[in-house]
Number of protein chains: 2
Amino acid sequence: MNQSGYITDKLSKLGYRLTPQRMMILSVIENSDNHISAEEIHTQIVAKYPNVNISTVYRTLELLKRLSLVTEINLGGGQVRYHPANKGHHHHLICQECGTIIDLDESALAPLKDTLLREYKFIADLRHLAIFGRCVNCQR
Amino acid sequence: MNQSGYITDKLSKLGYRLTPQRMMILSVIENSDNHISAEEIHTQIVAKYPNVNISTVYRTLELLKRLSLVTEINLGGGQVRYHPANKGHHHHLICQECGTIIDLDESALAPLKDTLLREYKFIADLRHLAIFGRCVNCQR
DNA sequence: ATTCTAGTTGAAACTAATTGCGATTACAAA
DNA sequence: TTTGTAATCGCAATTAGTTTCAACTAGAAT
């Protein structure tokens with residue numbers, strides 16, 4: 001369990017401790033290809049290492065968010081989900097009627113980001129947004 | 001306690017029951033000039049009418065959301081906040097460093113809304129957005 | 001190898017919000 | 001005015017996430 005990835009290296013360089021719990025959590029996040037919840041991370045870890053507390057998972061995610069190493073998103077399923085920031089940014093259009101999710105490239109929000117910077121001198125964190133509404137099939 | 005407002009009228013016309021609990025909740029929402037939380041609504045009501053349960057407040061807010069009579073927003077304070085939809089739409093830029101909140105007119109997101117409609121035929125609900133980032137004073 | 005200590009963890013308590021269910025009630029129809 | 005019933009409510013349990021605090025430990029310093 002020493003295959004260090006991008007996030008692990010970053011944490012180490014920044015002087016954070018690499019505890020076994022953190023290594024496990026980082027490994028699960030880096031090896032998941034879609035958005036994963038805290039609960040799912042915890043379940044995967046507990047299977048092999050029953051002594052990891054869910055609050056440690058939340059605390060690690062909090063740390064990774066603060067360091068911009070993961071982005072979080074609320075897709076409307078009652079749980080916040082996480083994604084490694086270095087695996088590319090994107091957004092989601094979520095239909096509130098049928099639940100369909102349309103993926104959107106980061107570039108779709110670039111004009112908005114530019115406008116906010118120009119007019120308000122505000123650097124918006126628009127790396128992973130969920131936009132709710134109605135898809136083409138659910139419009140009345 | 002029968003001064004019916006805009007939301008009350010709407011609910012009535014749609015065939016929803018006007019229970020005393022609902023009337024109280026609607027009155028508090030319509031008379032609050034800024035964003036209010038479920039907890040705050042409940043506290044205000046309980047002062048005069050101690051038998052209203054907090055879950056009724058949440059359920060009423062859920063209904064009003066579904067009917068687009070209120071918009072909700074997460075300003076980052078650990079509670080979701082609510083605003084009557086008929087009192088005008090707007091957005092907020094929230095600085096994650098100092099907490100400053102810059103208010104934004106609805107029109108700021110009109111170009112994005114148009115793009116999503118044109119390119120994805122998606123009707124985005126962009127009536128009350130919180131955009132996190134860094135304000136001009138907190139940029140390094 | 002041993003010691004030191006700030007960073008980290010587990011456990012339990014707590015907060016915001018949601019849900020299941022039996023009891024209550026607004027209001028339409030008799 | 002009374003009745004019937006689906007909508008609504010209160011209560012208690014549940015879920016997702018956060019916080020507090022005492023105990024533990026990674027990793028630097030000796």
Side-chain angles (χ1 to χ4, degrees), chain A residues 1-2 4 7-26 28-29 35-46 49-67 70 72-82 130, chain B residues 1-2 4 7-26 28-29 35-46 49-67 69-70 72-82 96 130:
Chain A
M1 195 231 296
N2 243 348
S4 61
I7 299 181
T8 316
D9 290 349
K10 276 270 183 179
L11 277 194
S12 174
K13 270 171 202 150
L14 289 167
Y16 291 95
R17 283 203 206 155
L18 296 181
T19 64
Q21 292 91 332
R22 259 180 200 169
M23 303 276 270
M24 294 288 298
I25 295 167
L26 299 184
V28 171
I29 294 172
H35 310 79
I36 194 168
S37 71
E39 190 64 42
E40 286 166 359
I41 294 170
H42 185 238
T43 302
Q44 280 194 41
I45 293 172
V46 162
Y49 195 143
N51 298 329
V52 177
N53 197 276
I54 185 82
S55 66
T56 299
V57 175
Y58 281 113
R59 276 188 286 231
T60 302
L61 287 169
E62 186 60 38
L63 173 66
L64 298 178
K65 260 190 318 189
R66 204 166 60 243
L67 298 174
V70 301
E72 72 177 358
I73 197 165
N74 186 344
L75 295 171
Q79 287 175 317
V80 172
R81 298 189 154 271
Y82 300 86
Chain B
M1 193 235 295
N2 242 350
S4 61
I7 299 180
T8 317
D9 290 350
K10 276 271 183 176
L11 275 194
S12 176
K13 272 172 201 151
L14 289 168
Y16 291 95
R17 283 202 205 155
L18 295 181
T19 63
Q21 292 91 332
R22 257 180 203 169
M23 304 274 271
M24 294 289 297
I25 295 167
L26 298 185
V28 171
I29 293 173
H35 309 80
I36 194 168
S37 70
E39 191 63 44
E40 286 165 1
I41 294 169
H42 185 239
T43 302
Q44 281 193 41
I45 293 172
V46 161
Y49 195 144
N51 299 328
V52 177
N53 196 276
I54 184 83
S55 65
T56 300
V57 175
Y58 280 113
R59 277 187 284 232
T60 302
L61 288 169
E62 186 59 38
L63 173 65
L64 298 178
K65 258 190 319 187
R66 205 166 56 244
L67 299 174
L69 296 173
V70 303
E72 71 176 1
I73 197 165
N74 186 343
L75 295 171
Q79 287 174 316
V80 172
R81 299 189 154 269
Y82 300 86
Q96 282 171 319

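Convention: sequence-line order gives letters A, B, ...; per-chain numbering from 1.
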Bounds of contact between DNA chain D and chain A, in 5' to 3' order, using a heavy-atom cut-off under 4.0 Å: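 Terminal contacting nucleotides, 5' to 3': D/dA16 to D/dG27.
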Using side-chain heavy atoms (C-beta onward) and a distance below 4.5 Å, is [X] in contact with [Y]?
X       : Y       : answer
B/Leu61 : B/Ile41 : yes
A/Ile29 : A/Thr60 : no
B/Arg59 : B/Leu63 : no

Between [atom1] on residue [X] and [atom2] on residue [Y], distance to nearest 0.5 Å:
X       : Y       : atom1 : atom2 : value
B/Leu69 : B/Leu11 : CG    : CG    : 6.0 Å
B/Ile7  : B/Met23 : CD1   : CE    : 13.0 Å
A/His42 : A/Thr56 : NE2   : OG1   : 8.0 Å
B/Leu26 : B/Thr8  : CG    : OG1   : 4.5 Å

Could you list the residues that satisfy side chain to side chain donor-acceptor pair (under 3.5 Å) with B/Glu72, not counting sequence neighbours? B/Lys65
Using a strict heavy-atom distance below 4.0 Å, which residues from residues 52-61 of chain A are in contact with DNA chain D? A/Ser55, A/Tyr58, A/Arg59
Specify the separation, in whole Å, of atom [atom1] of [X] and atom [atom2] of [N].
X       : N      : atom1 : atom2 : value
B/Gln79 : C/dA16 : CD    : P     : 5 Å
A/Glu62 : C/dT8  : CD    : C1'   : 15 Å
A/Arg22 : C/dG10 : CZ    : C1'   : 14 Å

First of B/Leu18 and B/Glu39 reached from the 5' end of DNA chain C, by closest nucleotide: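 Mapping each residue to its closest nucleotide by heavy atoms, the 5'-most match is B/Glu39.
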Which residue lies toward the 5' end of DNA chain D, B/Asn51 or A/Tyr16, if each is placed at its nearest nucleotide? B/Asn51
